[in-house]
Amino acid sequence: MIATVRTAVALRAALAPWRREGLRIGFVPTMGALHRGHATLVEHALAACDRVVVSVFVNPTQFAPNEDFARYPRTEAADAALLERVGAQVLYAPAVEEVYPPGDATRVTVAGLTESMEGAIRPHFFTGVATVCARLFCHVQPDATFFGEKDYQQLLVVRRMARDLGLGVEVIGVPTVREPDGLALSSRNAYLSAAERAAAPALHRALQQVATGLRDGASMAALRADAVRALLDAGFTEPDYLDLRDAETLAPLDRLDATPARLLAAARLGTTRLIDNIPVQRA
């Protein structure tokens, strides 16, 4: 049966026997409302590690005042049941005060990677992500941690933060898990109405169409307008961004070359903001 712990002290006590045995500990940080995408992260962690800890913590510092912190789904009982089915050994579910103690005055900022796309639209976001991940890594002290590539910019930010701070944790990306129609799995998909859910795969289709054009030699500038039009026709708002970026540095690109690249997009459908990305490389 999965063990649920709520304090760093209890977590250290739970993990101490594993450390004495020299077992490799994997960690999957989440905000709960778990779905098949999270289960896939745990499965990857179990394949690479001897034991797996999963955190469920809705992190207040990555939400702006006008965002959905209060209504973000909180389903701990269902989350614990899913984690038990998939085979995780420990659920870490700390209170806010455990992660951000009274008088807390420290934040972690990663320069460069955070200044475009999600960072430009949500300037508070990556400081919140880097800070909570650094603190959770200190609590868990894992050998490896697993993040979905759906949040690709976040994956690169966490990887850079862990490396720069010498935290000794390997940050591993796991390919995006999708519905059969291409929609990337996300806890926020629960916000979509039936009509919006039917329209939502247009975001992935638009990225695929742009990728095809890029591989045929077209420029991103030439392809973006058609992709935006397709999204608007499907009911999305004007995208916050629809960019071709270097897969490692996130430097903007206009055409494919030998450099591995990533197409990334974010747009609202009704009241729900969806993000997606796909790798793209010259044939």
Is there side-chain contact between Thr40 and Val174, with heavy atoms separated by less than 4.5 Å?
yes
Under a single-linkage rule joining Ile, Leu, Val, Met, Phe, Trp and Tyr whose side-chain heavy atoms are separated by less than 4.5 Å, which residues share a cluster with Leu185?
Val177
Qualifying residues under ring-ring contact (aromatic ring centres under 6.0 Å, His included), relative to Phe69, sequence neighbours excluded:
Phe63
Taking the side chain as everything from C-beta on, heavy atoms only, tell me whether Gln62 gets closer than 4.5 Å to Glu67.
no
Considering all heavy atoms of both residues, which atom of Ser55 and which atom of Phe27 are nearest to each other, and what is their separation?
OG-CZ, 3.4 Å
Salt bridge between Arg205 and Asp181, side-chain N to carboxylate O under 4.0 Å?
no
Quick one, His139 and Tyr92 - any side-chain contact, counting heavy atoms below 4.5 Å?
yes
Look up atom CZ in Arg122 and atom OG1 in Thr114, then write down how far apart they are to the nearest 0.5 Å.
13.5 Å
Specify the closest pair of heavy atoms between Leu46 and Ala88, including all atoms of both residues, with the distance to one decimal.
CD1-N, 4.4 Å
Side-chain H-bond candidate by donor/acceptor type, Tyr100 with Asn59, under 3.5 Å
yes
Charged N to carboxylate O under 4.0 angstrom, Arg51 versus Glu21?
no
Quick one: do Val56 and Met31 satisfy side chain to side chain contact (heavy atoms under 4.5 Å, CB included)? Show the steps, please.
CA-CA 5 Å; Val56 169; Met31 292 208 302; over 6 Å; no
Where do Ala267 and Thr237 come nearest, in terms of heavy atoms and distance?
CB-O, 4.0 Å
If you apply the rule side chain to side chain contact (heavy atoms under 4.5 Å, CB included), what do you find for His204 with Ile278, and how did you get there?
CA-CA 8 Å; His204 186 234; Ile278 58 173; 3.9 Å; yes
Minimum heavy-atom separation for Ala227 and Leu242, please, with both atom names.
CB-CD1, 3.7 Å
Among the clusters formed by ILVMFWY side chains lying less than 4.5 Å apart, do Leu167 and Leu11 turn up in the same one?
yes
On the six-membered ring of Tyr191, is Arg71 placed so that its NZ or CZ lies under 6.0 angstrom from the centre and within 45° of the ring axis?
yes
